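First comes the structure, then the notes that go with it.
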Amino acid sequence: MPHDYYNPVRSVYGAGALCALPGLLAGRKALLVTFPEARALGLVARVEALLGDGLVGVVEDVRPNPDVAELAAPYEAFWRDDRGAEAIVALGGGSAIDTAKALMVGTPDGAFATLVAALASGQPFAPSGVKALIAVPTTAGTGSEVTPWATIWDRGRQVKHSLHLKETWPTAAIIDPELMLSLPASVTLQSGLDALSHALESIWNVNANPVSDTFAVAAVHDILDALPRLMHRLDDRELRARMALAALKAGMAFSNTRTALAHSISYEMTLRYGLPHGIACSFPLPLVLARAIGRRADRDAVLAQALGDLDEAPGRLTAFIERLGVRTRFADYGVSDEQAEQMVAHALTGARGRNFIGSAEKEMA
């Protein structure tokens, strides 16, 4: 049967790739969206030096897992006076890129609540204005630089919104592993496991295709080999480059498949138990893998390419994650067996859960 693969993002990869930013903007004025530590790390100054008068403003207070309560003020200020910005440069991890994707699409009345209401209702949303986005990840894991999705949290209502429009594809992605050299061990680990989850989730996925499989298998091989070694040598430029490329490959894979059951589980673990995203989506991977094996022969074949002998794969994956210091049982996070069963059953009904090849089954093995 024919398969369709689509990704419109121009990707620039390699050490020093940040220098491509002025050319990619092609004279357009830009707003920089970044994280609070970026200025102290010298990253804001580097962008200012590259763009000069082309940089019209900086939003630098992006927090992890952007919440509707935090996004309203910068969104409305930007659309009230964009200072001539035609583009947004997102510099940071997934939260910075998600924030930029929220800012890049305008509502008719300029109110952020209008966008949130559209997301909550599931009704089609046609932005009244759109800014181009250039995504510059500083972590090796998000994949958001080559996907159209942004996660917007509403902790007050205990819900997660997914922003996904044809307009929210980045125009370009700059993947410069030199920007990742300052990452602490915790963020390196969380983002690396997020990338592993993206890759595996795109394999046990009803939307998988041969092109996404090629990216996913390569990403799994790279991460299994490079991530443990990087955790002992955080300043190793070669390992940083391998993980940056692996995260890009994983992003290219799930840009077409979306994620699946492990991510569906992760949202509740983050909302209710405060787990960082990379841990929340990776700790259930062995459990989901065990459920995926044997469901479809074509998916088993690709999983075997990625992980080897499938009889032993769940145990090996458990050992890999736990050697990195991450526990893999719900009970380790204060979730009872009964609560875990309910959580997984609920996750299977969600949009991401339904992407899982075993979603028709009601109980976890």
Side-chain angles (χ1 to χ4, degrees), residues 1-14 17-18 20-21 23-26 87-94 96-102 104-105 127 130-151 162-177 179 191-192 194-223 241-260 263 281 299 302 305-306 351-352 355:
M1 62 178 291
H3 296 273
D4 182 71
Y5 179 90
Y6 174 76
N7 192 298
V9 184
R10 178 179 179 181
S11 300
V12 182
Y13 164 82
L18 182 63
L21 180 58
L24 293 172
L25 281 170
I88 298 175
V89 175
L91 175 71
I97 300 174
D98 283 356
T99 296
K101 287 177 180 175
M104 71 185 288
V105 288
V130 179
K131 307 296 183 181
L133 172 63
I134 296 180
V136 188
T138 59
T139 64
T142 174
S144 186
E145 70 275 10
V146 289
T147 79
W149 300 298
T151 298
S162 181
L163 173 62
H164 173 212
L165 304 170
K166 67 180 187 298
E167 292 87 358
T168 49
W169 284 99
T171 301
I174 296 175
I175 301 92
D176 186 341
L179 302 178
S191 56
D194 193 16
L196 178 62
S197 182
H198 293 152
L200 290 173
E201 293 259 88
S202 70
I203 297 175
W204 53 56
N205 199 299
V206 297
N207 302 307
N209 63 66
V211 180
S212 66
D213 285 344
T214 299
F215 283 122
V217 170
V220 172
H221 289 169
D222 288 342
I223 295 166
R242 285 193 64 192
M243 281 302 301
L245 185 56
L248 175 62
K249 293 173 183 176
M252 296 295 281
F254 90 95
S255 72
N256 275 243
T257 66
R258 308 190 184 196
T259 52
H263 270 72
C281 67
R299 297 297 87 207
V302 180
Q305 291 176 36
R352 297 300 183 261
N355 292 334

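Quantities reported herein were computed from a predicted structural model and do not represent experimental measurements.
- Counting heavy atoms from C-beta on, the side chains of Ile223 and Met243 come closer than 4.5 Å.
- Here the shortest heavy-atom pairing between Pro127 and Leu165 reads CD-CD1, 4.2 Å.
- Considering only residues two or more places apart in sequence or on other chains, Ser191 meets the side chain to side chain donor-acceptor pair (under 3.5 Å) condition with none of them.
- Here the side chain of Arg10 pairs no donor or acceptor atom with the backbone of Thr171 at under 3.5 angstrom.
- For the pair His198 (side chain) and Gly141 (backbone), a donor-acceptor distance under 3.5 Å is present.
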Would you check, one step at a time, whether the test side-chain contact (heavy atoms from CB on, under 4.5 Å) holds for Ile175 with Val12?
CA-CA 6 Å; Ile175 301 92; Val12 182; over 6 Å; no

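- In terms of modelled atom types and a separation under 3.5 Å, the side chain of Tyr13 and the main chain of Ala241 share a donor-acceptor contact.
- Of all the heavy atoms in Cys281 and Ser197, the pair that sits closest is O-OG, 3.3 Å.
- Taking the side chain to side chain donor-acceptor pair (under 3.5 Å) definition, one finds that Trp169 meets it with nothing, sequence neighbours left out.
- Remark: Asn209 pairs with no residue by the side chain to side chain donor-acceptor pair (under 3.5 Å) rule, at least two apart or across chains.
- For the pair Asp176 (side chain) and Leu18 (backbone), a donor-acceptor distance under 3.5 Å is present.
- Distance check: Arg242 CZ to His221 NE2 gives 11.0 Å after rounding to the nearest 0.5 Å.
- Separating the CG atom in Asn207 from the OG atom in Ser202 is a distance of 10.5 Å, to the nearest 0.5 Å.
- A side-chain donor-acceptor contact under 3.5 Å links Lys101 to the backbone of Ser144.
- In terms of modelled atom types and a separation under 3.5 Å, the side chain of Asn355 and the main chain of Thr259 share a donor-acceptor contact.
- Shown here for Arg352 and Ser162, the closest heavy-atom pair between the two residues is NH2-OG, 3.6 Å.
- The shortest heavy-atom contact between Ser212 and Tyr5 is N-CD1, 4.2 Å.
- Taking each heavy atom of Leu248 and Val146 in turn, the nearest pair found is CD1-CG1, 3.7 Å.
- Using a 4.5 Å heavy-atom threshold, the side chains of Leu133 and Glu167 count as separate.
- The closest donor-acceptor contact from the side chain of Asn256 to the backbone of Tyr6 lies under 3.5 Å.
- Put simply, CE on Met252 and OG1 on Thr214 are 11.5 Å apart, with the number rounded to the nearest 0.5 Å.
- Looking at every heavy atom in both residues, Ala199 comes nearest to Ala216 through O-CB, 3.5 Å.
- Within the 4.5 Å cutoff, no side-chain heavy atoms of Ile88 are placed close to those of Ile134.
- Side chains of Ser255 and Asn7: a donor on one and an acceptor on the other come within 3.5 Å.
- Residues Asp98 and Thr142 fail the side-chain proximity criterion, which asks for heavy atoms closer than 4.5 Å.
- Between Leu179 and Ile174, the closest side-chain pair of non-hydrogen atoms is not below 4.5 Å.
- Although no hydrogens or angles enter the test, the distance criterion places a donor-acceptor pair under 3.5 Å between the side chain of Glu201 and the main chain of His263.
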